[in-house]
Amino acid sequence: MSQFAVLDVLRTRPPKLSVGILAADAMDYGAGVRLLEQFGVLLHLDVMDGRVWPSITAGAPVLAGLRTSLLKDVHLLIEEPEKHVAAFAKAGADVISFSIEHCGDVSATLDLIGQQTNANDPARGIVRGVSLDPATPVDAIRSVADKIDAVTLLAVGPTTGKQSFIDALPAKIAAVRALNEQIVIFVDGAVTKDNIGQLAAMGPNGIVTGSAAFAGNPAENIQFMLEQISV
Ligand SMILES: O=C(CO)[C@H](O)[C@H](O)COP(=O)(O)O
């Protein structure tokens, strides 16, 4: 599958579900991965360094250890993401997104992602992604829009806490589409079983969920969420 084939998958309706594996039971991440495989969703990994966000989560060796053929969607919520792009590519990332607010040279980092070879399939590149904190306007990526394959619109930021961003989302999605209609759009953070249908109706290509997927009965949650976004 080429990078473009991955993008074609992401652009196909209905929107894709990308599930944050770190919200699974840490005593058995393997079971979490097998569950995601049953549903064919994307595997999302939130990488935090304790600097951008207070938490420290997982690095490239953890991604490499999550052995699965699922598409791996890596979100670098870290300072100097450019220093870690090659390691995550080598570990099997299919999508690498980074916080533009914490990257010195966004354009060069997008180029760097585009130069990587996918570890699982040398013919497959890496999807070049950026994420925008809730307070960051879409205009911040205007100058690099032609280099971006995917944009993640965050509902939560390191300083904003969990908040409803539903009101602001349609305008942000429209602004990304106006920049470059080929860009794949993910929404991420504060997604619940109650709001996922409403979010899907706004037309993103993907929805990232963590805690809502793994609370209670994960299989039922994921099944329910997929049904909500498939209508
Ligand atoms: O990227 C993230 C943080 O920026 C996470 O994916 C997000 O916080 C997951 O949130 P939730 O558990 O509410 O689904």
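Each residue takes its place number in the sequence, starting with 1. Atoms within each ligand, like the ligands themselves, are counted from 1 in listed order.
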Measuring only between side-chain heavy atoms, which start at C-beta, is C103 closer than 4.5 Å to T109?
yes

For A23, state whether at least one heavy atom is located under 4.0 Å from any atom of ligand 1.
no

Out of T136, V151, L110, V106, which residue meets the side chain to side chain contact (heavy atoms under 4.5 Å, CB included) rule with I141?
V151

With heavy-atom distances below 4.0 Å as the criterion, list the atoms of ligand 1 near S211.
11 (P), 12 (O), 13 (O), 14 (O)

Thinking salt bridges, do D149 and R128 make one under a 4.0 Å N-O criterion?
yes

Is A212 in contact with ligand 1, taking contact as a heavy-atom separation below 4.0 Å?
no

Show, in sequence, the C-alpha distance, side-chain angles and deciding distance for S131 and H75, and conclude whether the side chain to side chain donor-acceptor pair (under 3.5 Å) test is met.
CA-CA 8 Å; S131 72; H75 190 182; 3.0 Å; yes

Could you walk me through whether T152 and D188 pass the side chain to side chain donor-acceptor pair (under 3.5 Å) test, one step at a time?
CA-CA 7 Å; T152 296; D188 180 4; 5.7 Å; no

Only heavy atoms of L154, strictly under 4.0 Å: list the atoms of ligand 1 that pass.
1 (O), 4 (O)

So is W53 polar-close to ligand 1, meaning N/O to N/O under 3.5 Å?
no

Show me which atoms of ligand 1 lie under 4.0 Å from any heavy atom of H75.
1 (O)

Going by an N to O cut-off under 4.0 Å, is there a salt bridge joining K83 and E80?
yes

Could you list the atoms of ligand 1 found under 4.0 angstrom from a heavy atom of D46?
1 (O), 2 (C), 5 (C), 6 (O)

What are the atoms of ligand 1, with element, lying closer than 4.0 Å to any heavy atom of T209?
14 (O)

At a 4.0 Å threshold, what atoms of ligand 1 neighbour a non-hydrogen atom of G210?
11 (P), 12 (O), 14 (O)

For the 3.5 Å polar cut-off, considering only N or O atoms, please tell me whether V191 and ligand 1 meet it.
no

N221 vs K193, test: side chain to side chain donor-acceptor pair (under 3.5 Å). Steps then yes/no.
CA-CA 7 Å; N221 296 336; K193 289 200 283 184; 2.9 Å; yes

